[in-house]
Amino acid sequence: MIVDCDPGHDDALALLLAVGDPRLRLLGVSTVAGNQTLDKTTRNALRILALAGATGIPVAAGSDRPLIGELTVAADIHGSSGLDGPDLDGPVAEPADGPGVELMRRLLMASAEPVELIALGPLTNVALLLRDHPEVAPRIRRIVFMGGSTERGNTTPYGEFNIVTDPEAADVVLRSGLPVTMIGLNVTHQALATPAIIDRFRAMDTRLGTVCAELMTFFAGAYLRTFGLADPPVHDPIAVAAVIDPSVVHTVHVPVAVELTGTHTRGATVVDLHRRTGRPPNADVAVGLEVDAFWNLLMTAVRRLGEATR
Ligand code: RIB
Ligand code: CA
């Protein structure tokens with residue numbers, strides 16, 4: 001798989017799951033501006049991979065802004081570094097030469113079999129890849145993205161952050177004709193980093209487990225301050241879990257459109273669950289989550305990595 005991300009506390013857990021589960025082979029990571037500016041999301045991706053002992057995985061920086069309009073970061077949720085909480089200072093590798101989209105293209109064209117493309121931030125890089133390099137389409141087995149919602153949003157009343165940040169990019173992906181799975185807030189809000197979850201990370205008694213506990217502790221404080229939620233939802237690792245074990249999520253194959261012009265609803269994912277529009281289905285939309293199975297996948301991967309990198 002290839003992961004495109006904007007670390008980000010939940011992106012960090014997703015990267016650890018992608019590296020730590022032996023059923024996956026992480027070919028490379030591209031970064032995008034979103035939770036924080038591109039320089040910070042790129043540094044954070046490198047720091048997490050270094051912490052996981054996965055320094056051989058190429059990381060390349062992608063887009064520093066959405067296709068249209070300006071970037072608004074989520075410093076209120078992820079802090080000024082994008083990974084506030086633990087002390088993660090220390091040397092990190094340099095990002096690979098060349099832009100993120102070129103890394104994605106090169107990895108896809110070199111792969112002997114089709115690749116899962118997991119998008120955990122604004123879909124800018126993925127949209128540019130599909131627009132500028134149509135030759136990669138047959139090399140993509142499926143695009144699984146964390147974004148949107150069948151219900152309300154988290155950034156505007158009906159807009160989820162990744163989609164609201166770049167609605168045009170999400171529209172390109174959903175119109176691509178490729179197999180697409182949407183992991184929206186309606187299921188990610190079932191995966192809450194409760195105090196018991198944080199204790200499970202800390203009880204691993206490894207540096208990685210402690211870092212995860214500290215990341216989630218910061219994330220919890222940010223969600224409480226911003227949304228009045230006691231326990232933060234870990235959005236992104238669910239997209240990776242859905243690739244490892246598709247039975248972790250329950251999906252329906254329905255039409256999904258992105259609102260591009262609504263005065264109050266720009267960036268909303270309009271999910272036609274009851275087929276009222278007559279439009280053809282274009283995405284597998286997650287409507288249920290096996291919560292315990294998800295957490296067990298993530299904890300097993302983090303424990304495995306932590307013990308290997310004590
Ligand atoms: O709305 C949640 C999504 O936006 C997550 O991917 C989070 O990391 C941010 O990118
Ligand atoms: Ca993200």
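Atoms within each ligand, like the ligands themselves, are counted from 1 in listed order.
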Proximity winner for atom 5 (C) of ligand 1, if only heavy atoms of Ile183, Asp6, Asp10 are counted: Asp10
Between Asp84 and Ser81, do the side chains contain an N or O donor and an N or O acceptor separated by less than 3.5 Å? yes
Under 3.0 Å from the Ca ion (ligand 2), is there an N/O/S atom belonging to Leu120? yes
Close-contact set for ligand 1 against Phe161 heavy atoms, below 4.0 Å: 1 (O), 4 (O), 9 (C), 10 (O)
Closest protein heavy atom (residue, atom, distance) for atom 6 (O) of ligand 1: Asp236 OD1, 2.6 Å
Any side-chain heavy atom of His235 within less than 4.5 Å of one from His189? yes
Under 4.0 Å to a heavy atom of Asn35 - the qualifying atoms of ligand 1, by number: 7 (C), 8 (O), 9 (C), 10 (O)
Output yes when the distance from some N or O of ligand 1 to some N or O of Leu185 is under 3.5 Å, and no in every other case. no
Does Asp10 bring an N, O or S atom to within less than 3.0 Å of the Ca ion (ligand 2)? no
Cationic N near anionic O, under 4.0 Å, Asp39 to Arg43: no
Can you tell whether the side chains of Glu116 and Arg141 come within less than 4.0 Å, N to carboxylate O? yes
Looking at Asp236, the N/O/S atom that lies nearest to the Ca ion (ligand 2) is called OD2
Side chains of Leu130 and Ile143: does their closest heavy-atom pair fall under 4.5 Å? yes
Output the list of atoms in ligand 1 that are nearer than 4.0 Å to some heavy atom of His235, sorted by atom number. 2 (C)
Determine whether the side chain, the backbone, both or neither of Leu120 has a heavy atom under 4.0 Å from any heavy atom of ligand 1. backbone
Classify the contact between Asp11 and ligand 1 as side chain, backbone, both or neither, using a heavy-atom distance cut-off of under 4.0 Å. side chain
Any luck finding a side-chain donor-acceptor pair between Thr41 and Asp6 under 3.5 Å? no
Out of Met146, Gln36, Glu160, whose heavy atom sits nearest atom 1 (O) of ligand 1? Glu160
The atoms of ligand 1 lying under 4.0 Å from a heavy atom of Asn162, numbered in the order shown, are 3 (C), 4 (O), 5 (C), 6 (O), 9 (C), 10 (O)
Roughly, to 10 degrees, what angle do Asp11 atom OD2 and Asp6 atom OD1 form around the Ca ion (ligand 2)? 70°
Any side-chain heavy-atom pair of Leu51 and Thr309 under 4.5 Å: no
Go through it in stages, so that I can follow the logic: the residues are Asp21 and Arg304, the test is salt bridge (Lys or Arg N to Asp or Glu O under 4.0 Å), and I'd like the CA-CA distance, side-chain angles, deciding distance and then a yes or no. CA-CA 8 Å; Asp21 191 292; Arg304 179 171 178 268; over 6 Å; no
Could you tell me whether some N/O pair between Asn154 and ligand 1 is separated by less than 3.5 angstrom? yes
Between Asp132 and Arg105 (salt bridge meaning N to carboxylate O under 4.0 Å), is one present in this structure? no
Quick one about Asp166 and Thr124 (side-chain donor to acceptor, distance below 3.5 Å, no hydrogens or angles considered), yes or no? yes
